Amino acid sequence: MLHHVKMTESILNDDDSSVMFKEQVLRILLNISNATVAIKDLRKLMGIIREELGKLMDSTNFYLALYHPEDDTFTMPYFSDLKDHFERVPARKTLSKYVVKTGKTILVRQPDFEDLVKKGEVTLVGTDSKVWMGAPLRVNDRIIGMIGLQSYSDENTYTDADKNILELVAHQIGLAIDRKQKEEELEIEKTYFEQLFRNVPEATVIQEYPGIITDVNVAFTKLFGFKPQELIGKSLDKLIVPEEMMQEAYSITRRTFEGEAVELETIRKKKNGKTLEVSLTVTPFRISPDKTIMYTIYRDISKKKEVERKLVTAKEKAEEADRLKTAFLTNMSHEIRTPMNAIMGFAQLLSSANLTPENKTEYVNIIKNSGDSLLRLIDDILDLAKLESGQVVIREEITDVHEMMESLYLTFSRLITEKQLELRYKRYQDKPSVNILTDPIRLRQILTNLLSNAIKFTHEGYVEFGYNISVPDNVLVFFVKDTGIGIPQDKMEIIFNRFQQVDNSKTRLYPGTGLGLAISKHLTELLGGRIWVESELNKGSSFYFTIPYKALPDEEMQKIDDLNEGNLNLSGKNILIVEDDEYNYLYLHEILQQAGVNVYHAVNGREAIHFVKEKQGENIDLVLMDIEMPEVNGYEATAYIKKEFPRIPVIAQTAYASMEEKTKCLQAGCDAYLAKPLQINDLIDEIKKYI
Ligand code: ADP
């Protein structure tokens, strides 16, 4: 600043102008200099400069031209001219270009111009002016353009003193442009880094000593669920470090501010308290000699860790499966070979001559028993495969539990005759019968497995079995207790897994495949219950399992009793059951036959139509129609029957107990509608209504 003022002074002294003029020039130059600092907008600045300049000389036609060497053109960010107006023009051999090329401030009148033209330095562009003045703009010793003034009327408008002033003004403008460019560059750089920080997908946070948050990016707020204003100015550790990790977090902060970069995997918590596994990359940045900031990137590695854990478990499982497979194969080989040897051996003996009839019977029995063992083994394997693939369907029927237990007692009593064992069936409250709804085949299978094991693993003492009804839980609790070898504590869970035995060794004492309990567990769960064991080594084991206590209502029982006692008499009546499911058919058949009904069966709608059409239509008293059947369904079959034999009552039965379904059945012509599973009660009521 001062420097320019001195320069002006010396210029003015040279020109020997009046003191007042000197002061005015200085003031104006000062104004211009101030304006270059205060005013950011270049156009506006040029306007002010023009105005100020106007106080000293004619500034009507004033312009700023920036030179672009890459295509030899000028752009004119500011142009105030009475005659000409340019925005981007070729530079070529203009006077402006001449100023830029030579770096000199010039004052050109007509003769000077012609001189320059003659020398081939310039050619005329624009309107011919009387006097023209131009000064180069310098930024760091590089000429970036020029400012020009011209007059179209008076060739004496400008003096050499004006030329000097213009040069000073050009210098000011050059500085202003330089400053502006630097500011712009800085702004761009700042925005660039700001955007980069804000939007990188990695959760990033900046902290100042001793761990206070000064900035966070979008990914960070998203990952931890905080809003920026909940974070800035707070201690990060207090917000996201779980209590048990505090010491570790303090140590990270301390080490970072001591200048160490830290990387580790750890646990952090979100705003909602949920923890997540993260990897941290912490870097210290020294931003001034006495200030370090801590720059931390957080990556959520919960998913990665989960996958890692799953892989480890999968590997362990695979290894375990492999081990089990080997054990299983060895085991199977033994289990198959033992009965096979017996079969082969005794079959050979059978073919030899001079066998007594007793020998023969004994051998045949051994072969038969061995065959049975093999068959059981195959059944078990198939059963488990079906259970594991969800193919076993439970078929609930009215089951007399007491009767089943009695029958099991009889069967197993016969099997333990060679052992020093007592078999006890503990009857429940001396009730004559307990009827429930369950799958009797599967229930029997579970009890058979448990009883076989109890007898197999017990050498002396007793095996006791029975059941209780737990009213609060509404379950039947079955038990099979023995005074056998017992089960070690650590095996009590795993014996319910397939192929798992307490003793998996080749030299084990007890035969078996390790499938029985796995099957029993699957079956209990399918029936809606659970299974467990209590045991003490060398003392004995007690296996328990539950099933839902679906008691039958008294009225229902009365119906069954009626049926059993022949009170419901439908003898001589002909009923056609249209049903594709064999079990359902057998169930209905059983009930109706007990009431003396002649039962006919069609396995689908097509067969039903054929049956009434070809044969017995006239004689049928009632049709029980299943709805969902292959080929021809219940609606179509009903429609046909009702058309040909309107007098035959049709009772529909379907698994879909909706109002819509009922309406559909009635529309097809059915007289009544029953939802599956059929309650005997309802069934008999309906039949009675129509027969
Ligand atoms: P298996 O009897 O064919 O080996 P299970 O699945 O029925 O297969 O039984 C698995 C294992 O559980 C048996 O091998 C045995 O080690 C143990 N186990 C089952 N029941 C008893 C019991 N009543 N007493 C002692 N151990 C038993």
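Residue indices begin at 1 and follow the sequence shown. These values consider heavy atoms only, across backbone and side chains, with no hydrogens, waters or symmetry-generated copies. When a ligand or atom number is given, it counts from 1 through the structure's own listing order. Since the structure is predicted, the reported quantities are computational estimates derived from the model, not experimental observations.
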### Message
I'd like to know whether Arg395 forms a side chain to side chain contact (heavy atoms under 4.5 Å, CB included) with Asp581, so could you lay out the CA-CA distance, the side-chain angles of the two residues, the decisive distance to 0.1 Å, and finally the verdict.
### Response
CA-CA 11 Å; Arg395 296 178 196 285; Asp581 187 283; 3.2 Å; yes
Please identify which atoms of ligand 1 are closer than 4.0 Å to at least one heavy atom of [X].
X      : result
Gly514 : 1 (P), 3 (O), 4 (O), 6 (O), 8 (O)
Gly486 : 25 (C)
Lys456 : 1 (P), 2 (O), 3 (O)
Leu515 : 6 (O), 8 (O)
Phe543 : 19 (C), 20 (N), 21 (C), 22 (C), 23 (N)

## Note on the structure
Sorted by chain and residue number, the salt bridge (charged side-chain N to carboxylate O under 4.0 Å, His left out) partners of Glu534 (sequence neighbours excluded) come out as none
For [X], does the [atom1] atom sit with more than 12 other heavy atoms under 6.0 Å from it, leaving out its own atoms?
X      : atom1 : value
Glu493 : CD    : no
Met245 : CE    : yes
Arg424 : CZ    : yes

### Query
Does ligand 1 have a heavy atom under 4.0 Å from the side chain of Ile487, from its backbone, from both, or from neither?
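The side chain, only.
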### Query
At under 4.0 Å between heavy atoms, which part of Leu450 makes contact with ligand 1: side chain, backbone, both or neither?
neither
What do you reckon, does [X] have a nitrogen or oxygen under 3.5 Å from a nitrogen or oxygen of ligand 1?
X      : result
Ile485 : no
Asp482 : yes
Ala518 : no
Gln500 : no

### Message
Is it true that Asn574 and Asn598 share a donor-acceptor pair across their side chains at a distance under 3.5 Å?
### Response
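Looking only at side-chain atoms, Asn574 and Asn598 do form a donor-acceptor pair, the distance falling under 3.5 Å.
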### Message
Yes or no: does Gly484 have any heavy atom under 4.0 Å from an atom of ligand 1?
### Response
no
### Message
Restricting to non-hydrogen atoms, name the atom on Thr399 and the atom on Thr438 that form the minimum distance, rounded to 0.1 Å.
### Response
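Heavy atoms of Thr399 and Thr438 come nearest at OG1-O, 3.4 Å.
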### Query
Got a sec, which residues hit side-chain contact (heavy atoms from CB on, under 4.5 Å) with Leu526, two or more places apart in sequence or on another chain?
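Only Leu387, Val392, Ile394 meet the side-chain contact (heavy atoms from CB on, under 4.5 Å) criterion with Leu526.
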### Query
Only one of Asp380, Asp383, Asp379 clears side chain to side chain donor-acceptor pair (under 3.5 Å) with Gln445; which?
Asp383
### Closest candidate by heavy atom, reference atom 6 (O) of ligand 1, pool Ile494, Leu517, Val533, Ile455
Leu517
